[in-house]
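Please read the structure below before turning to the comments.
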Amino acid sequence: MSFYCGIAVQCIPPLGRKEVRTVTGTTHESRSRRLDPTSQLSKFPTVIGASVVADDKLLRTIFDTPASAHEFLSPSGATAGSPGLLMNSKLQSAKSLVQFASDTLISARKVTNRILSLKGSSEQSLRGAIRLFDRLSDMLCRVIDLAEFIRTVHPDPEYIAAAEYAHSYMMSYMIELNSSSELYDVLRRVMDTPSVASSLSKEENIVAQLLLYDFEKSGAGLDKTVRDEVMSLQHDISSLSRDFMTGIAPEHNSVEIDIKDLYGLDPMAVSELRRAAAAKNDSSVFQYLKRSPSFSRRRSDGPSKDALEAVQKVTMPTTGPIARMAALSVKSSEVRKQLYVEGRRSNARQVEILDNLLMARMRLANMMGSSSYAEYQLADKMARTPEAVKNFLDHLAFKTRPGAQQEIDLLKNLKKKSDPGNDEFNAWDRDYFMSHYTDLTKPRVKSYDFLNSYFSLGIVMQGLSRLFTRLYGIRFVPRETAPGEIWHEDVRKLDIMSDNGSTFGEQRVGVMYCDLFARHGKPRSPAHYTIRCSREIFSDEFHDGLDPGNRDIPTLVTGCQVYQVPTIGLVCDFVSKNEHGPTLLSFGEVETLFHEMGHAMHSMLGRTAMHNISGTRCATDFVELPSVLMEYFASNPDVLALFARHYETDKPLPPQLIEASLTQRAAFRHNDTYTQIEMSLLDQALHSITPSSGSSGGIDSSAIYYAVEHQYSLFPVVQDAKWQGMFGHLVGYGAVYYAYLLDRAIASLVWDRVFRSGKEGGAVSREAGERFKNEVLVWGGGRDPWECFAGVLERGEFSSGGEKAMEFVAMGAGEQVAGTWR
């Protein structure tokens, strides 16, 4: 596509996350046309005499003391004179969201027509074309990103329906633009006119190249017959992708198992299975077993005691919580094998859909001049070629496999003790003996199970603010919300304030709406949403009449430049298990919050003139670097000393408590990473098929899957499993599943060589923080990722990337690349 919107950046390779782009750099000529900072644009007032200590205390209060927070916050219902949802004065009701989309589309069409009018215009007029393209993209995303966020988090069905309509409405126009040969011709003329192309700023040139590449990738430069065929293929790919995601399920969703073979399974789970077997006509029981992570529910009705005791066989789901529980606890190897094999076996129809999807992708790539879909997808990524990805993964596998094998050998020894004479160790043994090992080695540290007492949500938010103050000179300041500004009373609003020596004093560089508590109907996946990205606002935008609806946005003035203040939504699903106190986070949840804040800082500190390259709008295989890096800070002693205190006694976290937890969590880190390497290799193999590799008669994904398994698996290969039909990330991450591994490897290098692995105060060093900010964060997508990489590591020889750079990342990454997979 030629126009991109940010949508959500989720942790763990998420399904369907859209690629995001970014930029920087300006020219003297462009600066002369910018607004004077004293112009009609509103600026956030300088904070004079504000109490940093009071703000820090309030930050904890609004997240840990709901009653106090609700007094601080304003009600969620809009009233007369309300500034509107998310401080958008146009959003006074669900109906007004549709009107906002309609008004924005009118403005977008005006900009489109202005661009099209440049086709035969003078060279001087052409020099403003790239800004118009970028402005058009910002208009579209102003609605699309907003609607995506609202339909995800808003509890009101009317708002959800309105957001769905607005999203579809604007996406239809975006798709129309993406295939416009007329727009492509204007862009082509800009780049083919030397005097115009040479006058572009660095950022404008990057945006122009990105848009040109994406237009051509969408077939805009092809003749109509070929373009129509490309669009037909894209439609087929979209349809097959939906069918594949809908069809992800094992061939058999349950198996029959003798009660006596379930030794080791939680008795309450066994009781529920008995109940389901005795009440054969009660399908709700079976569905409950597939969904529920708990088996504490009691029924007053149901089968009699005699009927329950007569049950000898039960129906066990092959997926879901009880199946996972059985994999960890059932002693019978045969039962675990049965559940493992059946839970990973796709049906023939699902495999056929995948084969057709892979074939359609290959045909599309061939029509666009690439030999394979992987080559087609990787041309604008850090890796650039399938060969570079394959070499990277092979090097990483070579480095990781010995550690993974040692961990398996440890588990084999455990099995020999419990089953002497049986030397076989299979894939279904791993989780069971990992669980057994965890029980045996559980630290005997006092209060080990109460580690979360030192991580109330408010305390962790305090810690993040204090950490960012030390690294980047920014802090979180709680703000009251106006009536109608938020969508639920649990939402908290923070201004991100910077002390970066501005002549205007401390300034607001971002707005963050935190929707962190679980509630019914809210998605469970944590995510960072760009609601409005940062970009420079040029003075002519307020006089050309193209966009009258963009007047009330918050702005940031730096020298002679004026920027949109980025607005983001941070969404998590933390559940309070502390009935009469604050929400206490597990350490895994602390890492999740740190991870998402890494994305937030990328959005807040990216300062580019162009929308298309702002913040997280950068290469897919680079966007996770800031977030993955933040996970290292979560367990660093100097960082923990900033905030980790008992929510009741205020005593600091005992070092031995966190050390014991981290040691146990790291016990099988190589296995976790090696599994992801295997999945990445499978993704590459499935998408590296070419017509010359024998695919003319169709693609056999099962043969490819088994070939990868035979070459790389740590265990005997299970025949007829056809697990590739369960690999949902093949849709959203086709040919780029390796990206998270690459960013984790790069993050380990940055942590080691910039932040000194957290030693000697490196994790709280302003010098290190500024280095990372200035070499990575501020650029967004306005700099080649390899230049960012070379700059932050001070390794100039890798500024152009290539296979040697990829090999350096794979072989130079520290042990911590083998961390908990997010």
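Ring geometry, His729 versus Tyr737: the interplanar angle falls from 30° to 60°, so the pair is classed tilted.
Annotation: ring pair (Phe, Tyr, Trp, His ring centres under 6.0 Å) contacts of Phe149 (sequence neighbours excluded): Trp487, Tyr529. Phe633 meets the ring pair (Phe, Tyr, Trp, His ring centres under 6.0 Å) test with Trp751, Phe755; sequence neighbours excluded. For Gln350, there are no side chain to side chain donor-acceptor pair (under 3.5 Å) partners at least two apart in sequence or on another chain. Residues that satisfy the side chain to side chain donor-acceptor pair (under 3.5 Å) test with Gln209, not counting sequence neighbours, are absent from this structure. With sequence neighbours left out, the ring pair (Phe, Tyr, Trp, His ring centres under 6.0 Å) criterion links Phe808 to Phe798. Scored by the side chain to side chain donor-acceptor pair (under 3.5 Å) test, Glu709 finds no partners at all (sequence neighbours excluded). Evaluation of the side chain to side chain donor-acceptor pair (under 3.5 Å) rule for Thr152 yields no partner, not counting sequence neighbours. Taking the ring pair (Phe, Tyr, Trp, His ring centres under 6.0 Å) definition, one finds that Tyr173 meets it with nothing, sequence neighbours left out.
For the atom pair CG (Leu211) and CZ (Phe133), the distance works out to 7.0 Å, reported to the nearest 0.5 Å. Residue Leu364 holds its CG atom at 13.5 Å from CE of Met359, rounded to the nearest 0.5 Å.
For Arg535 and Asp138, the salt-bridge test passes: some basic side-chain N is under 4.0 Å from an acidic carboxylate O. Using a 4.0 Å cut-off between charged nitrogen and carboxylate oxygen, Arg783 and Glu775 count as a salt-bridge pair. Looking at Arg324 and Asp431, no side-chain N of the basic residue comes within less than 4.0 Å of a carboxylate O on the acidic one, giving no salt bridge.
Remark: the backbone N or O of His611 is paired with a side-chain donor or acceptor of Asp134 at under 3.5 angstrom.
No side-chain heavy atom of Leu339 sits less than 4.5 Å from a side-chain heavy atom of Trp428.
Residue pairs meeting the side-chain hydrogen bond (donor to acceptor under 3.5 Å, both in side chains) criterion with at least one member in residues 801-811, sequence neighbours excluded, are Asn391-Glu803. Pairs of residues two or more places apart, or lying in two chains, never qualify as salt bridge (Lys or Arg N to Asp or Glu O under 4.0 Å) while including a residue from residues 234-249. Residue pairs meeting the salt bridge (Lys or Arg N to Asp or Glu O under 4.0 Å) criterion with at least one member in residues 382-392, sequence neighbours excluded, are Arg384-Asp784, Lys390-Asp394. Counting only residues at least two apart or on different chains, the ring pair (Phe, Tyr, Trp, His ring centres under 6.0 Å) pairs with a member in residues 375-394 are Tyr373-Tyr376.
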